[in-house]
Structures are given as structure tokens and as C-alpha cells.
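Scroll down for the structure; my scribbles are underneath it.
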Amino acid sequence: MPLERPADDVGITLIEALEWQRAYCGSAGSPMAAALLSALIDDLSGPRVVADLIADQWRFGDLPGLRLMSAVHRLALERRAPLVALHCPTLGGSIPSGDEALRVWQAAVVQCVLDHPDEVQRGLSHVPQTNETGRARLLRGAMSRLGPQPVRLVELCASAGLNLRADHLPGDAALEVGPLPPVIERIGCDLAPIDPATPEGRTLLSSYVWIDDVERFARLSHALDVAADIPVNLVQADAADFAESLTLTPGATTVIWHSAMWVYLDATTRSRILAAIDALASKTTPVAPLAHVSWEWRPTGTADGEPFALIMRRWGAPEADGRPRVIARGHSHGPGAHPVDELLDREPLADV
Ligand SMILES: C[S@@+](CC[C@H](N)C(=O)[O-])C[C@H]1O[C@@H](n2cnc3c(N)ncnc32)[C@H](O)[C@@H]1O
């Protein structure tokens, strides 16, 4: 399957989904994550000992490859799959040297799935909850364009809400055009909010980092420490319900932010969120402005290898006309994103 993202409601087989995820991990510089997926692909193409444990048909947007990687990583993090953990770079392990060592490790991956069917099922049924704080640099880039008025940060599908602390997380000078406004409120929702202060929350969040991405692992560890000092108000709610409950606050810019979540939503939820934002936009004034900032997969045209776009729409503030402006492009996780300036005619999320 080519790396271009298929329409996200496309029904695909497990092997197709895993092959897509393997190509994506390979192209993103994660050979061990790709090798983990190869272990499962090779089994499903040959002995098929794990075939009965994993459903064969998936919607593309379910990303079963990500779910399986996380289930195996979690077992390694909990030291319940010691042979897998041995070569996990996120646990200080070294990449197997040579084909034979790699084959032994891949056999351990398959064995780990066989040994822990309940945990694997739990992982497969769990919507991926990566909370990637590399994306905070995109939100910061957008916030740096808002001027000095205080900001209320609102995040849809926030996972553990780590990016609601964006102003306390590392930024990228290339993406920021001025000082960040002060943040006076931080609120968010998720269907299954994670408490980053608990060991379970920390393990779950860590499991969604790809097993050889030590840079992301370190970034997450830092963000978890920051989260302990900066409280947020995170509620368990569907994103559309939550968006429909939002109001504006005079004296502050309300910033509605979301990242890497659109693909998980059904068409009705997407339409309701966009309609809720339009309804709020119609109530804005110069003292109660609104910004909608998203870092999501572009609907088409990933051939240049930069599938994500940072798009901002603004209402209420001087010269804000609600038109979507692409202000950065890059890879899903955030680092390496670069600024662009492209005015669009319509909100591309309406087409995804
Ligand atoms: C891949 S994570 C992204 C988390 C975060 N936005 C980030 O960029 O790090 C997607 C999140 O969306 C949440 N989610 C999916 N559908 C949702 C819905 N309808 N309402 C609220 N949260 C939802 C999941 O629980 C998960 O935490």
C-alpha cells in the first residue's frame, strides 16, 4: 500500500493496515517500530499464529498498527515482555545487531502477543491516545500571532491535556513571530482523559511513543514533569458536545485547538464541531475574539512527505475575517515543521 493516506473510512485488511503503518514508521526514521510490525506481518503472511487474536477488517482511521505497537510497548514497559524490552531503545536497549538477533527479537514480539491476548485485545479496543507534546510548538506558533490579549486555551480530544501547557513547553523560534500572550484558563475534553499524575496514566501515555523514538520519550517525560506543576481542567466528554457547550469570555481570546484527532471522528461529529465553531464565531466582538487552530492531516497531497498542516482561523480581532490560513506544514509529531503562509478559500477540515 502506498504511503499516501487512503480516505479514512476505507475498509482495509489487517495486513494492509500494518504494511501502511510499517512504511510510515520506516519513512519517519523508526526502524525498530517497523521491525515490530514486520514481525506481525510475516506471521500473518505465513504461520498465522496471531491471526485468531486480531480482527482482519479495519477502518483505516482505526490505525490498528499503532494500537498493536502500543500494546506490545506497554507490555515491555511493564517488564511483562522482558525479551522485547531487552532491545527497546526507549528502555535503554540496543537495536539487535545482525539478522539473527533481529529474528530472535521479532520472535519475542510474536510470542508476547500470544502470551498476553487479553492485554492485546485491550490495546486494540483502545483509541490511540498519543499525547505528542512536539505539537505544542505548533500551538505556540499560532498563539504568537494573536497579540497581547490574554488567552483561554481550549483543547478538543486533549488526551492527557499536556499541550494545554504549551506556553511552558519547548517551542520553535522559526515558527513564532512574537511573544506569547498570557494564558488565563486551560480547559479540554477527551472521551477517555488520562491523568498524567498516575503511574497508569504515565505508562499508557509512554506506550504510544514508538519503541525506538527516544527523543519523543524524553520529550514526553519532560512534559509529564511540567504537567505536575500546571493544572488544567480536563473533562470526560465527546468533542462535539464539548464544542457546543463553549462560550466566549470578554477580555480574552478564546483559542480552540486540536491536533491529530480529526481522523478518529465520524462525519457527524466533525460537522457538529465545525458548526459549533461557526456559531461561536458569529458571537465574537473585538473584546471577545476567537481563534480556531488545528494541526491535522491534510485531506490530499501528502506526496511531499509533509502530511500535516497548521491552520488558523480568527474572528472578532481587527482584520480577522475567519478565512483559513495555513501557517506551517510538517510531520505529525511537530519537530521539523516549517512556517508557510497560504490563505485558503474554505476550511479544509470540512472535506476530510
Ligand atoms: C491521537 S490522540 C491525540 C491527542 C492530542 N490531541 C495530541 O495531539 O497529542 C486522539 C485523542 O482523541 C480522543 N478522541 C477520539 N474521539 C473523540 C471524541 N469523539 N471526543 C473526544 N475525544 C475523542 C482519544 O481519546 C484520544 O485521546
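When a ligand or atom number is given, it counts from 1 through the structure's own listing order. Only heavy atoms go into these numbers, but all of them, side chains included; no hydrogens, no water, no symmetry mates.
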Margin query: With a 4.0 Å cut-off on N to O distance, would you call Asp321 and Arg314 a salt bridge?
Written below: no

Note to self: Among all protein heavy atoms in this structure, tell me which lies nearest to atom 7 (C) of ligand 1, with the distance rounded to 0.1 Å.
What the structure shows: Arg135 NH1, 3.3 Å

Margin query: Side chain or backbone, does Thr269 bring an N or O within less than 3.5 Å of an N or O on ligand 1?
Written below: no

Note to self: Judged on heavy-atom distance to atom 25 (O) of ligand 1, which of Asn131, Leu139, Asp190 sits nearest?
What the structure shows: Asp190

Checklist line | Residue, atom name and distance, where the atom is the protein heavy atom closest to atom 3 (C) of ligand 1 | finding: Thr130 O, 3.2 Å

Item checked: Heavy atom of the protein closest to atom 5 (C) of ligand 1 (residue, atom name, distance) -> Cys157 O, 3.5 Å

Margin query: I need the contact type for Pro128 against ligand 1. Using non-hydrogen atoms and a strict under-4.0 Å cut-off, is it side chain, backbone, both or neither?
Written below: backbone

Notebook entry, point to check: Can you tell me how far the CG atom of Leu44 sits from the OG1 atom of Thr13, to the nearest 0.5 Å?
Noted result: 9.0 Å

Note to self: I'd like to check the side chain to side chain contact (heavy atoms under 4.5 Å, CB included) partners of Glu176; sequence neighbours left out, ordered by chain and number.
What the structure shows: Arg140, Ser144, Leu180

Notebook entry, point to check: In terms of atom number and element, which parts of ligand 1 are under 4.0 angstrom from non-hydrogen atoms of Ala237?
Noted result: 20 (N), 21 (C)

Notebook entry, point to check: Any donor-acceptor pair under 3.5 Å linking the side chain of Arg202 with the backbone of Thr198?
Noted result: no

Check: With atoms numbered from 1 as shown, which atoms in ligand 1 lie under 4.0 angstrom from a non-hydrogen atom of Ser159?
Finding: 4 (C), 27 (O)

Next item on the list: Quick one: look up the protein heavy atom nearest atom 20 (N) of ligand 1 and list residue, atom name and how far away it is.
Entry: Ala239 N, 2.8 Å

Item checked: Heavy atom of the protein closest to atom 18 (C) of ligand 1 (residue, atom name, distance) -> Leu191 CG, 3.4 Å

Item checked: Protein heavy atom at shortest distance from atom 8 (O) of ligand 1 -> Ser259 OG, 2.5 Å

Notebook entry, point to check: Nearest to atom 16 (N) of ligand 1, what protein heavy atom do you find, and at what distance?
Noted result: Leu265 CD2, 3.6 Å

Next item on the list: Any atoms of ligand 1 less than 4.0 Å from a non-hydrogen atom of Glu155? List them with their elements.
Entry: 6 (N)

Check: If you measure from CG on Asn131 to CG on Leu164, what distance do you get to the nearest 0.5 Å?
Finding: 8.5 Å

Checklist line | Note: Glu100-Arg103 ion pair, threshold 4.0 Å (strictly below) | finding: yes

Next item on the list: Flag the pair Glu347 and Arg313 as a salt bridge only when some basic side-chain nitrogen lies within less than 4.0 angstrom of an acidic carboxylate oxygen.
Entry: yes

Item checked: Any residue meeting side chain to side chain contact (heavy atoms under 4.5 Å, CB included) with Ser97, in chain and number order, not counting sequence neighbours -> none

Item checked: In one Ile/Leu/Val/Met/Phe/Trp/Tyr side-chain cluster, 4.5 Å: Val127, Leu204 -> no

Check: What is the nearest protein non-hydrogen atom to atom 19 (N) of ligand 1, stated with its residue, atom name and distance?
Finding: Asp238 OD1, 2.9 Å

